Amino acid sequence: MVGILIVSHSPEIARGTKKLAEQMIQEPIPLKAVGGTDDGRLGTNANLIYEALDKMEKEDGIIILTDLGSANMNVQLALEWFSEKEREKFKIANAPLVEGAVLGVVESSLEHNLEEVLQVIESEDILIKNNS
Amino acid sequence: MTTEIMTIFDKVSDEVITNKEYLTDLDSSIGDGDHGINMARGFSKVKEKIAETTFEGNSQFLKTIAMTLISTVGGASGPLYGTAFLNASKVVSDDNISYDNLIQVGESIIEGIKKRGKAELGEKTMLDTIIPAVNSLKESKSKGINLKPALKNCLKAAEEGMKATIPIIATKGRASYLGERSKGHQDPGATSSYIVIKTIIDEIL
């Protein structure tokens, strides 16, 4: 199953988003959340992101969801520490963090492949909050 | 030579730590207000590394600085300064750092930051200090100006670049969320880059 890594500046947002996503599924999928710096402040850390990705099941690929700018930079840096072959397994999603995580785990649990999951969470429909 | 670069970066660390409040104040106006804290934490660790490590050469030294900042900084400055020093470590000479090598190091730093931050000159970022500084050094070299006066020109260009960020509306980083409100404030990243460049040049001169 496709894995999902949640990366936020805030440890609480990371943990909370993971919890919300877990509510949606009965059987676990590869899902991890990283938030904050190594000393618990707001921020992101490339080492922590690398360690989380390294421990995850990568067989069917991993989608990475980020919140703000430097989360993305640290993810990119962490990805550079993997081999080229491993890097092909990772995709940074152009998707909102919470909606992306919730819909992403559902799609993954339905055993959709990496491209299919990405297509759903990167769709513009996901952003509609007011359709009245 | 490695002793020299160690002394320079020990001083750079002191200056960054001394300017913690100033950088944080600048960042509070247009960002998330943690630039000073982040940089001071990173460079405190750099100071520790310098004190406790035996380095084989300039390249290994800069690589260690890069990895230390990446591991400890937290904000965007971690991956940005980290990538900058990582790139520098790949081209720096382990012997005497020549005029040409200094330019090469400068260019590799710009390339690293551009790649990591997807930014260009004039976007209210650290590049607004670094690009004019490196360009000035290149220009001096091509005009046959000696290294010492060239470094003085370089520092002036860096300062002008930093100050030129004041009227710019940010389109990169957290400041970009503020749009018009980011106008009239000097960029914290451009400022910390100036502090680093100034300290290096002051130490060489």
Side-chain angles (χ1 to χ4, degrees), chain A residues 5-15 32-55 64-84 86-87 90-98 122 127 129, chain B residues 20 24 27-28 30-42 44-45 48 63-64 66-87 90 112-119 123-127 170-178 182 188-189:
Chain A
L5 177 71
I6 296 158
V7 182
S8 170
H9 277 60
S10 151
E12 287 95 341
I13 289 178
R15 271 198 305 272
K32 272 191 185 294
V34 195
T37 61
D38 60 330
D39 60 343
R41 292 171 301 134
L42 292 174
T44 52
N45 180 307
N47 291 341
L48 297 179
I49 294 165
Y50 175 85
E51 281 163 24
L53 285 171
D54 195 40
K55 284 184 197 141
I64 304 161
L65 291 157
T66 56
D67 58 359
L68 300 166
S70 66
N72 243 319
M73 280 187 222
N74 273 317
V75 168
Q76 282 163 12
L77 194 54
L79 294 189
E80 285 170 18
W81 298 333
F82 286 96
S83 70
E84 212 166 309
E86 285 173 304
R87 260 202 309 270
F90 306 123
K91 283 271 184 274
I92 302 174
N94 282 316
L97 188 74
V98 174
E122 289 187 339
L127 295 170
K129 306 276 171 169
Chain B
K20 178 176 163 178
T24 291
D27 198 30
S28 299
I30 58 166
D32 45 8
D34 62 3
H35 190 52
I37 298 159
N38 281 335
M39 291 291 283
R41 178 162 196 264
S44 303
K45 294 282 172 189
E48 281 173 28
K63 195 175 174 198
T64 307
M67 295 316 288
T68 305
L69 294 175
I70 287 167
S71 310
T72 58
V73 168
S77 34
L80 288 169
Y81 278 101
T83 306
F85 289 128
L86 213 50
N87 268 21
K90 289 174 192 159
I113 298 170
K114 275 186 172 175
K115 180 185 127 202
R116 185 68 63 217
K118 311 267 185 305
E123 293 187 309
K124 208 179 182 86
T125 72
M126 55 201 287
L127 286 174
T171 50
K172 290 283 179 294
R174 204 70 71 86
S176 65
Y177 296 130
L178 297 172
S182 64

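Labels below follow one simple rule: chain letters A, B, ... track the order of the sequence lines, proteins then strands, and each chain is numbered from 1. All of these numbers come straight from a predicted model, not from anything done at the bench.
- Annotation: the span from B:Ile37 atom CD1 to A:Arg41 atom CZ amounts to 7.5 Å, rounded to 0.5 Å.
- The side chain to side chain donor-acceptor pair (under 3.5 Å) check on A:Lys129 picks up A:Glu99, with sequence neighbours excluded.
- At least one side-chain heavy atom of B:Ile70 sits less than 4.5 Å from a side-chain heavy atom of A:Leu77.
- Contacts of B:Ser71 with chain A are made by both backbone and side-chain atoms, with heavy-atom separations under 4.5 Å.
- Taking each heavy atom of A:Thr37 and B:Gly74 in turn, the nearest pair found is CG2-CA, 3.5 Å.
- Of the listed residues A:Asn45, A:Asp38, A:Asn47, the one with more heavy-atom pairs under 4.5 angstrom with chain B than any other is A:Asp38.
- We find the CD-OG1 distance between A:Glu80 and B:Thr83 to be 6.5 Å, quoted to the nearest 0.5 Å.
- Heavy-atom distances place both the backbone and the side chain of A:Asn74 under 4.5 Å from chain B.
- Put simply, CZ on B:Arg41 and CG on A:Asp39 are 3.5 Å apart, with the number rounded to the nearest 0.5 Å.
- The nearest pair of heavy atoms linking B:Gly117 to A:Met73 is CA-CE, 4.2 Å.
- With a threshold of 4.5 angstrom between heavy atoms, B:Lys118 approaches chain A through side-chain atoms but not through N, CA, C or O.
- Rounded to the nearest 0.5 angstrom, B:Asp32 CG and A:Ser70 OG are separated by 7.5 Å.
- Contacts between B:Asn38 and chain A at a heavy-atom distance below 4.5 Å involve backbone atoms as well as side-chain atoms.
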